[in-house]
K.L.:
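Take this structure first; my questions come after.
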Amino acid sequence: MHLILIGAPGSGKGTQAKKLVNHFGIVHISTGDILRDAVERQTGLGLVVEHYMRTGKLVPDTQVDGIVEERLDAGDLDNGFVIDGYPRTVNQIQTFAKAMHARQRALDAVIRIRVDNRVVIERMSSRRIDPETGRIYNLKLEADRPPPEIIDRLMRRPDDTPEVIIHRMATYHDDTLPVVKRYCETGQLVLVDGAQPPDTVFRDILTELEAITSKR
Ligand code: AMP
């Protein structure tokens, strides 16, 4: 199974990616995670992309295309993957299609999680990460409250501040909605409502995937 997951920052992509990984036994590829790791380790790539990421701008296509191609060759993708955060521009779609074709892999579907801007901004402003476990909490969700003993060590992602969030949302609309439109034209798009509870979103994804894959 080869899936692309598209959604604005804060749409719940990460949560749904984990569920897809468990359900299909596939690998999760997140360009955001790979880039953040490079920045944290201050690798050559990290030093080049740091400024873009801190200001909520898209990293140039060449850098991102390079890390995706490298990831496709890592040798752990026998069952396929769900890729999140890529392709994010129309140029990246073309490079990705060529990269997949060259490796004799075929894309099964593109899942778009749609959430209202207001909901996304609210979710992201209340999102905190535990640096020790990597677990993400939402301070406003009753069911997602962190245990009191770890509250002091929770951190905000540097690009989850209100100013950067607004910039990331604008970038998403300008660059990524054309990507959604393109995949809609190819008939590979699956649309789900991300304002629902995570389990309901996942159930909708599975239903839509079955519908799209059974048509082939
Ligand atoms: P994410 O965690 O997917 O929201 O990505 C965090 C940041 O990484 C984005 O704001 C961009 O700066 C960068 N990034 C991730 N994926 C891409 C991509 N496909 N193209 C360009 N920049 C990306």
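Order of appearance sets the numbers: ligands from 1, and atoms from 1 within every ligand.
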K.L.:
Does Phe24 CZ have over 12 foreign heavy atoms under 6.0 Å away?
P.N.:
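Enclosed: over 12 neighbouring heavy atoms sit under 6.0 Å from CZ of Phe24.
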K.L.:
Using a strict 4.0 Å cut-off to heavy atoms of Gly85, name the atoms of ligand 1 that fall inside it.
P.N.:
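Atoms satisfying the 4.0 Å criterion: 16 (N), 17 (C), 18 (C), 19 (N).
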K.L.:
Could you list the atoms of ligand 1 found under 4.0 angstrom from a heavy atom of Lys57?
P.N.:
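Contacts of ligand 1 toward Lys57, numbered from 1: 11 (C), 12 (O).
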K.L.:
May I ask you to check whether His2 and Phe81 place their ring centres under 6.0 Å from each other?
P.N.:
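Yes - the distance between ring centres of Phe81 and His2 falls below the 6.0 Å cut-off.
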K.L.:
What is the nearest protein non-hydrogen atom to atom 16 (N) of ligand 1, stated with its residue, atom name and distance?
P.N.:
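In this structure, atom 16 (N) of ligand 1 has Thr31 OG1, 2.8 Å as its nearest protein heavy atom.
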K.L.:
Between Leu35 and ligand 1, which residue portion shows a heavy-atom distance shorter than 4.0 Å: side chain, backbone, both, or neither?
P.N.:
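Leu35 to ligand 1: side-chain contact only, backbone stays beyond 4.0 Å.
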K.L.:
Between the side chains of Thr95 and Asp61, is a donor N or O closer than 3.5 angstrom to an acceptor N or O?
P.N.:
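The answer is no; no qualifying pair exists.
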K.L.:
Val49 and Leu58: same hydrophobic cluster, using ILVMFWY side-chain contacts below 4.5 Å?
P.N.:
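Result: no, two separate clusters.
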K.L.:
Establish, from distance only, whether the side-chain atoms of Ser126 and Asn138 form a donor-acceptor pair under 3.5 Å.
P.N.:
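Checked: Ser126/Asn138 side chains pair up, N/O donor to acceptor below 3.5 Å.
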K.L.:
In terms of atom number and element, which parts of ligand 1 are under 4.0 angstrom from non-hydrogen atoms of Val64?
P.N.:
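Under 4.0 Å from Val64, ligand 1 has these atoms: 18 (C), 19 (N), 20 (N), 21 (C).
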K.L.:
Any side-chain heavy atom of Asp65 within less than 4.5 Å of one from Tyr86?
P.N.:
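In contact.
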K.L.:
In terms of heavy-atom contacts, does CD of Gln42 have more than 12 from other residues, nucleotides or ligands at under 6.0 Å?
P.N.:
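Enclosed.
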K.L.:
Output, in order, the C-alpha distance, side-chain angles, deciding distance and verdict of side chain to side chain contact (heavy atoms under 4.5 Å, CB included) for Ile29 and Val68.
P.N.:
CA-CA 8 Å; Ile29 303 176; Val68 170; 5.6 Å; no
K.L.:
Can you find a non-hydrogen atom of Arg36 under 4.0 Å from ligand 1?
P.N.:
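True for this residue.
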K.L.:
For ligand 1, does Arg168 get within less than 4.0 Å through its side chain, its backbone, both, or neither, judged by non-hydrogen atoms?
P.N.:
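Side chain only.
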K.L.:
By number and element, which atoms of ligand 1 are closer than 4.0 Å to a non-hydrogen atom of Tyr86?
P.N.:
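Answer for ligand 1: 19 (N).
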K.L.:
Which of the numbered atoms in ligand 1 are below 4.0 angstrom from a heavy atom of Lys13?
P.N.:
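Close to Lys13: 3 (O).
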K.L.:
Would you tell me which option among Gln92, Arg88, Met53 has the nearest heavy-atom contact to atom 9 (C) of ligand 1?
P.N.:
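The residue whose heavy atom sits nearest atom 9 (C) of ligand 1 is Arg88.
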K.L.:
Just to be sure I read this right, does ligand 1 sit under 4.0 Å from the backbone of Val59, its side chain, both, or neither, counting only heavy atoms?
P.N.:
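Within the 4.0 Å criterion, Val59 contacts ligand 1 through backbone and side-chain atoms alike.
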K.L.:
Report, in ascending order of atom number, the atoms of ligand 1 lying under 4.0 Å from any heavy atom of Gly32.
P.N.:
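So the answer, numbered in order with elements, is 2 (O), 5 (O), 15 (C).
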